[in-house]
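In each ligand, atom 1 is the first atom listed, and ligand 1 is the first ligand listed. What you see below is based on every heavy atom in this structure, not just the backbone, and it leaves out hydrogens, waters and symmetry mates.
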Amino acid sequence: MSSLFPALAGSPGERVALRFGDRTLTYRDLASAAGATAARIREAGRVAVWATPAPETAVAVVGALLAGVPAVPLNPKSGEKELGHIVSDSAPTTVLAAAGDDLPAALAGLARLDVDIDGALGHGGGSAPEDRAADGDPALVVYTSGTTGPPKGAVLSRRAVAVTLDALADAWQWTGADVLVHALPLFHVHGLVLGVLGPLRRGGSVRHLGRFTTEGVARELGDGATMLFGVPTMYHRIAEALPGDPELARALAGARLLVSGSAALPVHDHERIAAATGRRVIERYGMTETLMNTSVRADGEPRAGTVGVPLPGVELRLVEDDGTPVASYDGESVGEIQVRGPNLFTEYLNRPDATAAAFTADGWFRTGDMAVRDPDGYVRIVGRRATDLIKSGGYKIGAGEIENALLEHPGVREAAVTGEPDADLGERIVAWIVPADPQAPPSARELADHVAGRLAPHKRPRVVRLLDSLPRNDMGKIMKRALTQG
Ligand code: MCA
Ligand code: AMP
């Protein structure tokens, strides 16, 4: 197939590819380090990547892609239950990690391969091998939550990764001259595909902050970075900081492009940032399963509250509940967004039932997102079909997964999980608990730690409300609306 990373082929140059804190890799360094990793995993079936915010993660994933071996990024904060599920479902042969990283017991059955950047550079390194895989072959398996049950592994092809990044390049006039700054986790599409593979496909640079701070954003945008990617929580924190931070305002004003995604950026935050910096954040809309579907274009009109227009190659329609397409572009007629195109995932790993259910008979993917279209085609997302999916800090979190974890706590008799509006996180997770012993209910802290330890810290309830019983209908189904409206 055509190379995913043309800048690594031939004799890559001294342009900086990656910077994490004070660790910098040029394209030549990356070709050596990723080439050396690729050479060691060529025979592996699938590799897991311990996706810390470090250059080893980028080297491991690029190495896997060069070797034609699918990579499964793992959240290093995943608890044992979540990690156990991902490892048994995706069945990697090997886990790639930085030397010195402690790996949990759930990974003990895998061969471990340390990503040794300094060693590869010290040996003069190998060079990047030619990508040997076909366009339709899997590049990544990324785990994503559904309404019930454990997360599903979305299989993303090399073609899907390439076309989504090239469509964004078109929409954003994104080139090798761009320097991206971000602080997103590297085990999801946003941080990994857009935030690392994106700059590398363009031959540009990425600077990762390790963790999000407004100081880090100001420093990098003030020192040559041209683009910022973030989730709405990050832009909210920027909007909050701007009035007292003229350096941050100057840095944002000088950026070429400020992009938000993974959840809706409230218009209030859009407006506060525009007022303080003169710059408008643009939004793009995607999903793990679809990669990117729409964006406000760099050469288009920025419009707060919209996610822009379909990207090149993406077909998008709105449909009513009965499947009838919505024909109007009137800013009012609501339908579910369905998409079709080469950007879509191949399947949910080991889940033909879920894969089949995700598509209509004529091949459109049902996103579950509800939207309207303005007369000029701009898409406005107005809601979500499933109330059991929560978006908190830009992470998609299934209520069922947390309920199951809570029910495993001995102090919990019944549990229901909902999301409620939160200015910082978009939505916060609320656990409604019927305690086993009403005289000695578990504390909110204990339940949060229980969920954080089994699943992941971002899935922990932020609020716990105790009840004598859960409201149920005649069929025994929990009526979540009665909880949230009560
Ligand atoms: C707190 N912590 C705990 C506990 N409580 N650890 C263990 N047990 C506990 N009980 C720790 C956390 O691990 C974390 O550690 C720290 O306390 C703060 O946690 P938290 O409050 O969750 O962090 P935050 O500061 O509120 O995080 C906000 C955030 C984060 C930085 C915006 O939500 C984030 O990174 N979101 C990005 C999500 C994302 O990338 N989504 C993309 C998926 P420490 O500070 O050490 O970490 S969507 C996607 O990919 C599609 C395609 C799309 O459209 O983009
Ligand atoms: P995930 O499953 O984590 O990949 O999240 C995908 C979901 O994030 C989509 O189905 C949308 O609900 C939401 N999303 C992503 N980008 C945006 C955006 N710009 N505005 C509103 N929602 C978004």
Centroid-centroid distance, Tyr143 to Phe187, less than 6.0 Å: no
Identify which of His458, Arg237, Arg460 has a heavy atom lying nearest to atom 27 (O) of ligand 1. Arg237
Under the salt bridge (charged side-chain N to carboxylate O under 4.0 Å, His left out) test against Arg454, which residue among Glu401, Glu82, Glu408 passes? Glu408
Could you list the atoms of ligand 1 found under 4.0 angstrom from a heavy atom of Thr233? 32 (C)
Out of Tyr235, Phe212, Phe229, Tyr395, whose heavy atom sits nearest atom 30 (C) of ligand 1? Tyr395
Where's the contact between Met287 and ligand 2, heavy-atom distance under 4.0 Å: side chain, backbone, both or neither? both
Using a strict cut-off of 4.0 Å, indicate which atoms of ligand 1 neighbour a heavy atom of Val189. 50 (O), 52 (C)
Checking heavy-atom distances from atom 54 (O) of ligand 1 to each of Arg284, His236, Lys77, the winner is Arg284
For atom 40 (O) of ligand 1, state which one of Ala456, Gly394, Pro185 supplies the nearest heavy atom. Pro185
Distance to 0.1 Å, residue and atom name: give those for the protein heavy atom nearest to atom 50 (O) of ligand 1. His190 N, 3.0 Å
Taking atom CD as the centre, does Glu80 end up with more than 12 heavy-atom neighbours from other residues, nucleotides or ligands that are less than 6.0 angstrom away? no
Decide ring pair (Phe, Tyr, Trp, His ring centres under 6.0 Å) for Phe359 and Phe345; before the verdict, give the C-alpha distance in whole Å, the side-chain angles of both, and the deciding distance to 0.1 Å. CA-CA 11 Å; Phe359 288 90; Phe345 74 135; 5.7 Å; yes
In terms of the angle between their ring planes, are Phe229 and His182 parallel, tilted or perpendicular, with boundaries placed at 30° and 60°? parallel
Passing candidate, side-chain hydrogen bond (donor to acceptor under 3.5 Å, both in side chains) with Ser262, options His190, Lys391, Glu283: His190
Lys152 side chain reached by Leu349 side chain, heavy atoms, under 4.5 Å: no
Determine, for Glu56 against Arg23, whether the closest basic-nitrogen to carboxylate-oxygen distance falls under 4.0 angstrom. yes
Check each atom of ligand 2 against the heavy atoms of Val307 and keep those under 4.0 Å away; list them by number with element. 18 (C), 19 (N), 20 (N)
protein heavy-atom neighbour closest to atom 17 (C) of ligand 2 works out as Ala263 N, 3.5 Å
Is ligand 2 less than 4.0 angstrom away from at least one heavy atom of Ile381? yes
Nearest protein heavy atom with distance in Å, relative to atom 19 (N) of ligand 2: Arg284 O, 2.8 Å
Quick one: nearest non-hydrogen protein atom to atom 9 (C) of ligand 2, plus distance? Asp369 OD2, 3.3 Å
Go through ligand 1 atom by atom and flag the ones less than 4.0 Å from a non-hydrogen atom of Met287. 52 (C)
Counting heavy atoms only, which part of Lys391 comes closer than 4.0 Å to ligand 2: side chain, backbone, both or neither? side chain
Contact bool for atom 18 (C) of ligand 1 (protein heavy atom, d < 4.0 Å): no
Who's the nearest protein heavy-atom neighbour of atom 21 (C) of ligand 2, and how far? Ala264 N, 3.3 Å
Any non-hydrogen atom of His188 lying under 4.0 Å from ligand 2? no
So is Arg297 actually on top of Trp172's ring, under 6.0 Å and inside 45° of the axis? no
Do protein heavy atoms approach atom 23 (O) of ligand 1 to less than 4.0 Å? no
Given Gly393, Pro457, Ser262, Gly261, which one has a non-hydrogen atom that is nearest to atom 37 (C) of ligand 1? Gly393
The reported gap from CD1 in Ile429 to CD1 in Ile397 (rounded to nearest 0.5 angstrom) is 3.5 Å
Among non-hydrogen protein atoms, atom 21 (O) of ligand 1 lies closest to Arg462 NH1, 3.1 Å
With Asn343, the side-chain hydrogen bond (donor to acceptor under 3.5 Å, both in side chains) member among Asn293, Asp166, Thr290: Asn293
Is the closest protein non-hydrogen atom to atom 43 (C) of ligand 1 under 4.0 Å? yes
Any salt bridge between Asp437 and Arg413, counting N to O under 4.0 Å? no
Quick one: which of Ser260, Ser262, Gly383, Ser145 has a heavy atom closest to atom 14 (N) of ligand 2? Ser262
Taking distance alone, with N or O pairs closer than 3.5 Å, would you say Lys391 contacts ligand 1? no
Under a 4.0 angstrom heavy-atom cut-off, which atoms of ligand 1 come close to Thr288? 52 (C)
Are any non-hydrogen protein atoms located under 4.0 Å from atom 34 (C) of ligand 1? yes
Give a yes or no on whether a salt bridge exists between Asp424 and Arg237, defined as a side-chain N under 4.0 angstrom from a carboxylate O. yes
Of all the atoms in ligand 1, which lie at a distance below 4.0 Å from a heavy atom belonging to Met292? 52 (C)
Run the salt-bridge test on Arg272 and Glu240 with the 4.0 Å N-O cut-off and return the result as yes or no. yes
Would the Tyr395 and His188 ring centres measure less than 6.0 Å apart? yes
Is Lys480 salt-bridged to Asp388, cutoff N-O under 4.0 Å? yes
